[in-house]
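A quick write-up on the structure given underneath.
Computed over heavy atoms, backbone and side chain alike; hydrogens, waters and symmetry mates excluded.
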Amino acid sequence: MTGAHFTSRMTEGEIVLLVTDAVDELSRRLAHDLVGAAHESDDEHAARGRALAHLYVLVNLEQAVHRLESRAAEAAAEAGATYPEIGRASNLSRQGARRRWPGLITNSMTTSTPELSTHPTPRSPQP
């Protein structure tokens with residue numbers, strides 16, 4: 001992934017296959033744990049129950065991934081990443097990352113030196 005401030009040892013295609021296989025294995029294991037031995041037979045009712053449990057787990061995994069993405073984006077911003085970098089890492093444009101996580105990066109996070117005020121500081125009235 002170019003410009004994301006890390007170098008992957010795998011191609012995008014290899015990453016997709018690896019992640020897909022891992023999520024499939026995890027989701028099937030969680031679905032099996034969810035329905036247990038009640039759906040281990042080969043009848044139509046059990047097959048439908050297993051398929052629905054698998055779908056249910058995948059939907060919950062998707063929601064969990066969105067929460068984890070937000071946490072990872074926050075951690076990246078706290079570590080000094082900019083919207084363009086977060087966008088590249090998440091397959092979004094800078095604007096897409098900004099829309100997805102508004103307010104994630106503030107000017108104070110990107111400024112390394114304190115800004116000097118151009119406004120005079122108020123003075124106490126002289127007695």
request  = Looking only at non-hydrogen atoms, find the nearest pair between Ser70 and Trp101 and report the distance.
outcome  =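 Distance-wise, the nearest heavy atoms are OG-NE1, 3.2 Å.
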message = Give me the atom names and distance for the closest heavy-atom approach of Ala53 to Leu34.
response =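 Of all heavy-atom pairs spanning Ala53 and Leu34, the closest is CB-CD2, 4.2 Å.
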Can you list, pair by pair, the side-chain donor-acceptor contacts under 3.5 Å of residues 21-28, counting residues two or more places apart and other chains?
| residue | atom | partner | partner atom | Å |
| --- | --- | --- | --- | --- |
| Asp24 | OD1 | Arg28 | NE | 2.9 |
| Asp24 | OD2 | Arg28 | NE | 3.3 |
| Ser27 | OG | Val23 | O | 3.0 |
| Ser27 | OG | Asp24 | O | 3.0 |
| Ser27 | OG | His54 | NE2 | 2.8 |

Nearest-0.5 Å distance that lies between atom [atom1] in [X] and atom [atom2] in [Y]:
X     : Y     : atom1 : atom2 : value
Arg50 : His45 : CZ    : NE2   : 10.5 Å
Arg71 : Glu78 : CZ    : CD    : 12.5 Å
Thr20 : Ile15 : OG1   : CD1   : 11.0 Å

inquiry  = Can you list everything that forms a side chain to side chain contact (heavy atoms under 4.5 Å, CB included) with Val65? Sequence neighbours excluded, please.
reply    =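 Counting only residues at least two positions away or on another chain, Val65 forms a side chain to side chain contact (heavy atoms under 4.5 Å, CB included) with Glu69.
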Count I, L, V, M, F, W, Y as connected when their side-chain heavy atoms are under 4.5 Å apart, and connections chain through other members. Are [X] and [Y] then in the same cluster?
X     : Y     : value
Leu92 : Val19 : no
Leu68 : Leu61 : no
Leu30 : Leu58 : yes

query = With a 4.5 Å heavy-atom cut-off, do Glu14 and Leu17 have their side chains touching?
reply =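 Side chain of Glu14 against side chain of Leu17, heavy atoms only: no contact under 4.5 Å found.
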inquiry  = Less than 4.5 Å apart, side chain to side chain, heavy atoms only: is that true for Ile86 and Ile105?
reply    =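 Yes, close enough: below the 4.5 Å cut-off.
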ask   = Under 6.0 Å from the CZ atom of Arg98, do we count more than 12 heavy atoms belonging to anything else shown?
value =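 No.
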ask   = Any sub-3.5 Å donor-acceptor pair from Gln63's side-chain atoms to Asn60's backbone N or O?
value =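 No; judged by distance alone, with no hydrogens or angles, the pair does not exist.
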